[in-house]
2 protein chains.
Amino acid sequence: MRLSTKGRYAVTAMLDLALHGDSGPMTLSDISANQGISLSYLEQLFAALRVKKLVRGVRGPGGGYYLAKPTKEISIAEVVCAVDEWVEFTRCGGKEDCQDGQRCLTHSLWNDLSSQIYEFLDKISLADLVARGVKIEAEAENEDQTKITQNPESVAAA
Amino acid sequence: MRLSTKGRYAVTAMLDLALHGDSGPMTLSDISANQGISLSYLEQLFAALRVKKLVRGVRGPGGGYYLAKPTKEISIAEVVCAVDEWVEFTRCGGKEDCQDGQRCLTHSLWNDLSSQIYEFLDKISLADLVARGVKIEAEAENEDQTKITQNPESVAAA
DNA sequence: CTTTTTCCAAGCGCGATACTTGGTTATTTC
DNA sequence: GAAATAACCAAGTATCGCGCTTGGAAAAAG
């Protein structure tokens, strides 16, 4: 999956929506002001998010955007994939049967990494981020020790 | 860290070198023919790899490139970072103190993911890939079940 | 009808990618 | 020493995605 600032923008904007909570829809102008992202760029991002049914827009004065699902049901991976469309990490895209040997090796390496990244982001919901924010605010500032267990042999192992 | 085809090219080329083994230096022309990468693009990649002391070039007829270290001591992360130079995932780059709240949340999220990816690739050496290739060749074709244990709470946890 | 907001389309400047062209060194072979 | 080989080096080019701009349209509220 591709990882660029585009996906980050989308996540930040969605998080803004999530934090805004249930007090009516939120306008893109507000998010633009909050996050320093241009309005029309946000429009493009939200167009993609809308297609993927992650947000719901209402027009007219007092309108804006809602989250289409509860924060718990929206994963970061969903958000990123909506705007930063998935591009194959591998060159031959699977169809061109990779001439055995080196290409196939790196092929599976990138596939592993790719699904690795996806799983990482898929297990984190907007609700998780919100909860984390509440905790950070409450606990002043102490460095968190985010560690993820990982077995390196898994790749070398057939 | 950035992940693009550039890094994949570098890894594939290095793997080609690794598989070529100790039978003298390998020319970029050979790699170019093997991998379908243009010669001068390879030259640029290898210029970067040479600066990072991952390969050693010898000129003249019969010349080419050696790996500068044993395959076991070259991690995929090293190779990728050599050509695909590290770009900050976060916007403010750390110096601009992120105005507390949303940005800080996604900030640490991307940092976690970034180091996550780096660690994943750093724990895999060229030797691992070579070994994996030998196994794949030996065992005909049965799908591997590469799984990496991961605790999703680590991100939400403060 | 005017205002607000989402929706929509086209284009632009920039930077990176993958590649080309056209060289220059250094080293070996004849 | 001349020719061939192959690493080195510099500059430029086409293309593509990003982040943003411009200029609108349609829907909803006052």
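To find a chain, count down the sequence lines: A is the first, B the second, and so on, and within it residues start at 1.
- Salt bridge present: E78(A) and K69(A) bring a charged side-chain N and a carboxylate O closer than 4.0 Å.
- Taking the six-membered ring for Trp and thresholds of 30 and 60 degrees, Y9(B) and Y41(B) have ring planes more than 60 degrees apart, a perpendicular arrangement.
- Scored by the side chain to side chain donor-acceptor pair (under 3.5 Å) test, S32(B) finds no partners at all (sequence neighbours excluded).
- For a distance-only test at 3.5 Å, the side chain of Q44(A) fails to qualify as a donor-acceptor partner of the base of dC8(C).
- Distances from the side chain of L28(A) to the nucleotides dT20(C), dC20(D), dT6(C) place dT6(C) closest.
- In this model, the phosphate group of dT6(C) is not approached by any side-chain N or O of R50(A) to a distance below 4.0 Å at OP1 or OP2.
- The pair D112(B)-R132(A) meets the salt-bridge criterion, with a side-chain N (NZ, NE, NH1 or NH2) lying under 4.0 Å from an Asp/Glu carboxylate O.
- Computed from coordinates, the Y66(B) OH to dA6(D) P distance equals 13 Å when rounded to whole Å.
- Listed for the D122(A) side chain is no donor-acceptor partner under 3.5 Å among the backbone atoms of E119(A).
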Full working for side-chain contact (heavy atoms from CB on, under 4.5 Å) between Y118(A) and V80(A): CA-CA 10 Å; Y118(A) 184 86; V80(A) 172; over 6 Å; no
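- With respect to M14(B), the side-chain contact (heavy atoms from CB on, under 4.5 Å) criterion is satisfied by exactly one of L67(B), L45(B), T71(B), L19(B): L67(B).
- N111(B) and S108(B) share no donor-acceptor pair across their side chains, judged by distance under 3.5 Å alone.
- Note: CG (L39(A)) to P (dC8(C)) measures 15 Å, nearest angstrom.
- Spacing between atom CD of Q35(B) and atom C1' of dC19(C) amounts to 17 Å, rounded to whole angstrom units.
- Of the side-chain N and O atoms in Y65(B), one or more sit less than 4.0 angstrom from OP1 or OP2 of dC8(D).
- Rounded to whole Å, atom P of dC7(C) lies 13 Å from atom CG of L42(A).
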List every contact pair, protein side and nucleotides 13-18 of chain D side both N or O, where the distance is under 3.5 Å.
unit_1, atom_1, unit_2, atom_2, d
dG17(D), O3', R2(A), NH1, 3.1
dC18(D), OP1, D84(A), OD1, 3.4
dC18(D), OP2, K6(A), NZ, 3.3
dC18(D), O3', T5(A), OG1, 3.4

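- E43(A) places its CD atom 13 Å from the P atom of dT22(D), with the value rounded to the nearest Å.
- Look at CG on L45(B): it is 14 Å from C1' on dC8(D), rounded to the nearest Å.
- Screening L42(A), I74(A), V79(A), L17(A) for a side-chain contact (heavy atoms from CB on, under 4.5 Å) with L49(A), the sole residue that qualifies is V79(A).
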Annotated protein contacts, base or backbone, on nucleotides 24-30 of chain C with a non-hydrogen cut-off under 4.0 Å, one of B, S, - each: -BBBB--
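- Set against dT21(D), dC9(D), dT5(C), the side chain of T27(A) has dT5(C) as its closest nucleotide.
- Rounded to an integer number of Å, the gap from CZ of F46(B) to P of dA6(D) is 15 Å.
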